[in-house]
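These notes concern the structure reproduced below.
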Amino acid sequence: MDNTPTALFDSYEADFRHTLEGLKEKLETAGTGEQRKSALRRAMIDIDEAEDLISQMEVETQGMPQSIRPQYVGRIKSAKTELGRWRNTAKEVQTASSRDALLGGIPNADDPYGTLDNGSASDRARLLAGTQSLADSTKRLQDSQRVALETEELGSDILRTLRVQREQIEHSRDMLGGAENNVDRADKTLKGMVRTMYKQRFLTSAIVVVLVLLVLFILWRKLF
C-alpha cells in the first residue's frame with residue numbers, strides 16, 4: 001500500500017476524473033424528452049459525487065508538507081473550474097429541457113402565417129417569459145455559487161496565513177526565552193567576577209598592611 005502524503009489525493013483525483021468523464025458522456029448524449037430528463041438526473045448525481053471528491057482532496061492537502069502543498073492546491077482549483085464548466089452545461093441542458101416541455105404542447109409554435117388565435121399567442125408569450133425568468137434565476141444561482149466558492153477559497157487562504165503567523169510568533173517567543181536565559185547566566189557570571197575582584201583586593205590590602213607592619217617592626221628592632 002502506498003503511504004506517501006499524496007497517495008489518497010491522487011486516488012481521489014483519479015476518481016474525480018472518472019466521474020467527470022461519465023458526466024461529460026451523459027450531457028453530450030442527453031437526447032430529448034424523457035431520455036434527456038433521465039440523463040440530467042444521473043448527471044446531477046455525478047456532479048454531487050465530484051463535489052464530494054473535491055472536498056476530500058481539500059482535506060488531504062491540509063496534511064501535506066508546505067513544500068508541495070501549493071502544487072496540489074492549484075490542481076484543486078483547476079478541478080473546480082472544470083467541474084464548474086460542466087455544471088453550467090448541465091444547467092443549460094436543463095433550461096432547454098424545461099423550455100421544450102413548456103412549448104411542446106403548443107402546435108405550430110412558430111406560426112409563420114399568423115394562424116394562432118390571441119389566447120394561444122398570449123399563452124406562448126407567458127411561457128416564453130417564464131422560460132426567460134427561469135434562465136435568469138439559473139444565472140443568479142450560478143453567480144451566487146461562484147461567489148460562495150471564492151469566499152471559501154479566501155477564508156482558506158486567511159486561515160493558512162494565520163497559521164503561519166502563529167508559528168512565527170511561537171518561534172519568536174522561544175527565541176526570546178532563550179535570550180532571557182542567556183542574560184540571566186551572564187548576570188550571574190558578572191556578579192561572581194565582581195565578588196572575586198573584591199576578595200582579591202581585600203587580600204592584597206591585607207598583605208600590604210602586614211608587610212608595612214613587618215617593616216615597621218624590623219625598623220623598631222634595629223633602632224631600639
Side-chain angles (χ1 to χ4, degrees), residues 5-103 126-166:
T6 62
L8 282 176
F9 183 97
D10 293 337
S11 176
Y12 289 135
E13 187 178 32
D15 292 341
F16 172 81
R17 294 297 171 190
H18 179 73
T19 302
L20 210 61
E21 286 297 324
L23 173 62
K24 177 181 177 182
E25 181 180 357
K26 292 178 180 68
L27 293 177
E28 290 180 346
T29 60
T32 58
E34 289 300 323
Q35 181 182 358
R36 177 187 289 175
K37 293 180 180 179
S38 177
L40 278 173
R41 286 193 294 269
R42 288 184 282 116
M44 296 307 296
I45 293 174
D46 285 346
I47 290 174
D48 291 338
E49 183 178 350
E51 290 177 343
D52 290 339
L53 290 169
I54 288 178
S55 298
Q56 292 295 330
M57 290 159 64
E58 289 177 330
V59 170
E60 290 303 316
T61 58
Q62 299 301 317
M64 291 183 180
Q66 289 286 350
S67 58
I68 64 173
R69 184 182 299 172
Q71 173 187 353
Y72 286 85
V73 170
R75 287 161 66 174
I76 290 175
K77 290 182 179 179
S78 298
K80 287 181 177 180
T81 301
E82 191 171 0
L83 179 59
R85 287 199 299 268
W86 285 108
R87 186 189 289 110
N88 292 338
T89 301
K91 295 295 184 182
E92 292 171 0
V93 174
Q94 188 175 23
T95 300
S97 178
S98 299
R99 183 173 60 250
D100 291 346
L102 289 171
L103 299 178
R126 285 196 297 269
L127 290 174
L128 290 175
T131 301
Q132 184 61 39
S133 176
L134 177 61
D136 293 340
S137 299
T138 300
K139 186 177 184 300
R140 287 194 295 270
L141 178 60
Q142 292 171 353
D143 292 340
S144 299
Q145 289 176 338
R146 185 180 67 256
V147 171
L149 289 174
E150 291 175 353
T151 304
E152 181 182 356
E153 292 177 0
L154 179 60
S156 298
D157 292 338
I158 292 174
L159 288 175
R160 284 193 293 271
T161 301
L162 291 175
R163 188 180 300 111
V164 172
Q165 291 178 349
R166 184 186 65 184

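Both backbone and side-chain heavy atoms feed into the values below; hydrogens, waters and symmetry mates do not.
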Name each donor-acceptor pair under 3.5 Å that joins a side chain in residues 55-64 to protein atoms two or more places apart or in another chain, with its distance.
from: Ser55; atom 1: OG; to: Glu51; atom 2: O; distance (Å): 3.1
from: Glu58; atom 1: OE2; to: Lys80; atom 2: NZ; distance (Å): 2.6
from: Thr61; atom 1: OG1; to: Glu58; atom 2: O; distance (Å): 2.6

Without swapping roles, check the side chain of Ser38 against the backbone of Glu34 for a donor-acceptor pair under 3.5 Å.
no

Would you give the length of the straight line joining atom OG1 of Thr138 to atom CD of Gln142, rounded to the nearest 0.5 angstrom?
6.5 Å

Nearest 0.5 Å, what's the CD1-CD distance between Ile76 and Gln71?
11.5 Å

Judged by modelled atom types alone, do Arg75 and Ser78 share a side-chain donor-acceptor pair under 3.5 Å?
no

How many angstroms lie between atom CG of Leu27 and atom NZ of Lys91, to the nearest 0.5 angstrom?
11.5 Å

Applied to residues 21-30, the side-chain hydrogen bond (donor to acceptor under 3.5 Å, both in side chains) test, sequence neighbours excluded, yields Lys26-Asp46

Kindly state each residue pair satisfying ring-ring contact (aromatic ring centres under 6.0 Å, His included) with at least one member in residues 55-86, sequence neighbours excluded.
Phe9-Tyr72

Leu23 side chain reached by Thr19 side chain, heavy atoms, under 4.5 Å
no

Spacing of CG belonging to Asp48 relative to CG belonging to Leu53, to within rounding of 0.5 Å:
11.0 Å

Side chains of Thr89 and Arg85 in contact at under 4.5 Å (non-hydrogen atoms):
no

So does Val147 get a backbone contact from the side chain of Thr151, meaning a donor-acceptor N/O pair under 3.5 Å?
yes

For the CZ atom of Arg160 and the CG atom of Leu162, what is their distance to the nearest 0.5 Å?
11.0 Å

Asp143 bridged to Arg146 by N-O distance under 4.0 Å
yes

Using 0.5 Å steps for rounding, measure from the NZ atom of Lys37 to the CD atom of Gln94.
11.0 Å

